[in-house]
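Numbering of ligands and ligand atoms starts at 1, following listing order.
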Amino acid sequence: MPDAALDFAGNDYLGLALEPRVREAAADGARRFGAGATASHLVSGHLSVHETLEQKLAEWLGRERALVFSTGYMANLGVIQALADRSTALFQDRLNHASLLDGAALAGARSRRFHHRDTADLERLLARSEAALKLVISDGVFSMDGDVADVTELAAVARRHEGLLMIDDAHGIGVLGDTGGGCTEGTSPTEVPLLVGTFGKALGTGGAFVAGDASLIDHIAQFARSYVYTTAQPPAVTAATLEALKIVRDEPERRARLADNIALFRREAASLDLPLSDATTPIQPLTLGDEARTLRWAARLDACGVAVGAIRPPTVPDGQARLRITLSARHARADIERLLEGLARCRQEDTPCATA
Ligand SMILES: *Cc1c(COP(=O)(O)O)cnc(C)c1O
């Protein structure tokens with residue numbers, strides 16, 4: 001992607017990665033706490049800035065305790081490995097993020113995959129299970145499709161079968177809900193006992209958390225190997241995340257701007273007869289099916305100065321290659337119009353871009 005390209009591929013949904021206050025908080029965090037944490041959390045790397053972020057997250061999300069991990073990938077590996085073993089039954093949505101499947105592999109537990117967003121299929125699988133621990137796991141907002149899990153229904157099904165529900169809301173945190181609390185905003189810890197979110201998307205920084213009841217989170221802090229055996233997150237990143245969290249909570253107008261941009265894109269894309277999905281989140285896939293065509297469209301957009309994701313198997317199922325277009329509060333109307341103009345040219349296939 002050329003530097004000057006308009007970015008419709010990243011996950012900076014609220015424009016916080018480039019926000020001056022967040023960058024300044026990073027610099028200030030480094031000045032106050034040092035360039036690195038110098039040790040793991042359980043030794044001496046757990047600094048006051050980590051503690052403050054965990055407390056603010058727990059309070060925001062209505063959970064007793066939150067635990068900060070260095071990345072979302074590590075959070076998912078650690079949470080699943082800390083709770084599951086070979087005798088645990090895991091139930092995962094077919095389209096769950098790779099890190100959730102890798103966590104199951106690390107725990108040595110078998111994942112049963114239910115049809116995408118199909119709680120009846122999940123219920124059938126749960127009813128057949130005799131396992132002592134049944135862990136039900138779903139993405140909140142699905143990363144390649146932009147659709148949202150039915151958390152209330154998942155919670156009800158999990159509860160009927162004494163399953164423990166874990167939601168990975170990497171793409172929902174900061175974006176969905178009145179306070180940006182994500183797709184589980186307003187749920188209780190009884191409904192969603194394990195809530196994972198990441199900072200590398202809407203919060204614009206990096207890292208992740210798991211939130212829930214204190215006893216459950218304490219257990220994870222002691223047994224998640226990706227938490228115990230790694231150096232704590234650099235404090236600059238944690239300090240930047242604290243500032244980003246404050247902005248997420250204090251500036252709902254960013255979510256309103258994002259919603260306007262999504263609506264504008266969907267309205268105009270529909271009038272161009274593009275293969276829009278039903279997703280109403282910032283992730284707007286255009287499923288073209290054919291890999292070569294997907295690459296051709298992405299290259300043509302690139303020549304128009306617009307960067308989008310060209311997603312192919314195995315990241316998505318065979319025959320479902322797509323452009324993954326992401327919208328942000330930071331996009332101006334003119335940016336979205338440039339994207340649409342590029343897409344209109346793609347639609348006419350071989351028309352060269354006038355501005356190339
Ligand atoms: C991005 C993502 C992750 C991984 O988070 P990182 O902080 O990038 O490691 C986990 N789960 C989902 C659903 C994601 O989209």
Side-chain angles (χ1 to χ4, degrees), residues 7 9-14 16-17 22 26 50 53 57 66-82 90 92-107 111 113 116-117 135-151 154 165-176 181-184 192 194-211 220 224-227 230-234 236-238 240-241 244-245 248 279 281-285 309 311 314-316 322 324-328:
D7 182 5
N11 304 307
D12 183 22
Y13 304 126
L14 299 177
L16 293 178
V22 177
H50 298 120
L53 178 58
L57 286 164
L67 191 71
V68 168
F69 284 77
S70 294
T71 71
Y73 188 87
M74 291 166 74
N76 283 337
L77 287 194
V79 170
I80 296 173
Q81 168 265 317
L90 301 185
Q92 303 220 35
D93 187 287
R94 278 250 163 97
L95 298 188
N96 272 357
H97 191 262
S99 56
L100 295 165
L101 302 174
D102 294 359
L106 187 64
S111 286
R113 315 281 294 271
H116 181 49
R117 296 180 71 245
L135 197 52
V136 176
I137 309 175
S138 178
D139 279 18
V141 175
F142 288 86
S143 51
M144 295 300 140
D145 292 74
D147 53 352
V148 186
D150 185 344
V151 173
L154 282 171
L165 178 61
M166 168 176 179
I167 298 289
D168 170 5
D169 203 19
H171 294 275
I173 286 288
V175 170
L176 301 180
C183 75
T184 70
V192 183
L194 287 163
L195 171 57
V196 168
T198 68
F199 308 136
K201 276 110 191 194
L203 276 84
T205 60
F209 68 86
V210 58
I220 293 167
R225 298 169 69 85
S226 63
Y227 179 80
T230 195
T231 300
Q233 184 176 66
V237 180
T238 318
T241 305
L245 178 57
V248 161
T281 65
I283 301 170
Q284 292 290 320
I311 312 290
T315 305
V316 291
R322 67 194 66 180
R324 178 179 182 270
I325 293 168
T326 50
L327 295 162
S328 169

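Short contacts between ligand 1 and S99, defined as distances under 4.0 Å to a heavy atom of the residue, involve ligand atoms 10 (C), 11 (N). Of all atoms in ligand 1, numbered sequentially from 1 with element shown, those under 4.0 Å from a heavy atom of Y73 are 4 (C), 5 (O), 6 (P), 9 (O). The ligand atoms of ligand 1 that sit less than 4.0 angstrom from a heavy atom of D139 are 13 (C). Atoms of ligand 1 found under 4.0 Å from any heavy atom of G72 (numbered from 1 in listed order, with element): 4 (C), 5 (O), 6 (P), 7 (O), 9 (O). Close contacts of ligand 1 with T198, meaning ligand atoms under 4.0 Å from a residue heavy atom, involve 5 (O). Distances below 4.0 Å separate heavy atoms of N76 from the following atoms of ligand 1: 10 (C), 11 (N). Within ligand 1, counting atoms from 1 as listed, the ones closer than 4.0 Å to a heavy atom of H171 are 14 (C), 15 (O).
Of the possible donor and acceptor atoms, none in the side chain of D93 sits under 3.5 Å from a partner among the backbone N and O of S138. A donor-acceptor contact shorter than 3.5 Å links the side chain of Q284 to the backbone of A279. Looking only at distances, no side-chain donor or acceptor of T230 sits under 3.5 Å from a matching main-chain atom of S226.
Counted by atom type alone, D168 and N76 present one or more donor-acceptor pairs between their side chains at under 3.5 Å. Using modelled atom types and a 3.5 Å distance limit, the side chains of S70 and Q233 yield no donor-acceptor pair. A side-chain donor-acceptor contact under 3.5 Å links H171 and Y13.
In this structure, the ring of F142 has its center less than 6.0 angstrom from the ring center of H116.
For the pair M74 and ligand 1, no heavy-atom separation below 4.0 Å is found.
With hydrogens left out, the protein atom closest to atom 13 (C) of ligand 1 is D168 OD2, 3.2 Å, a heavy atom. When only non-hydrogen protein atoms are considered, atom 14 (C) of ligand 1 lies nearest to K201 NZ, 2.9 Å.
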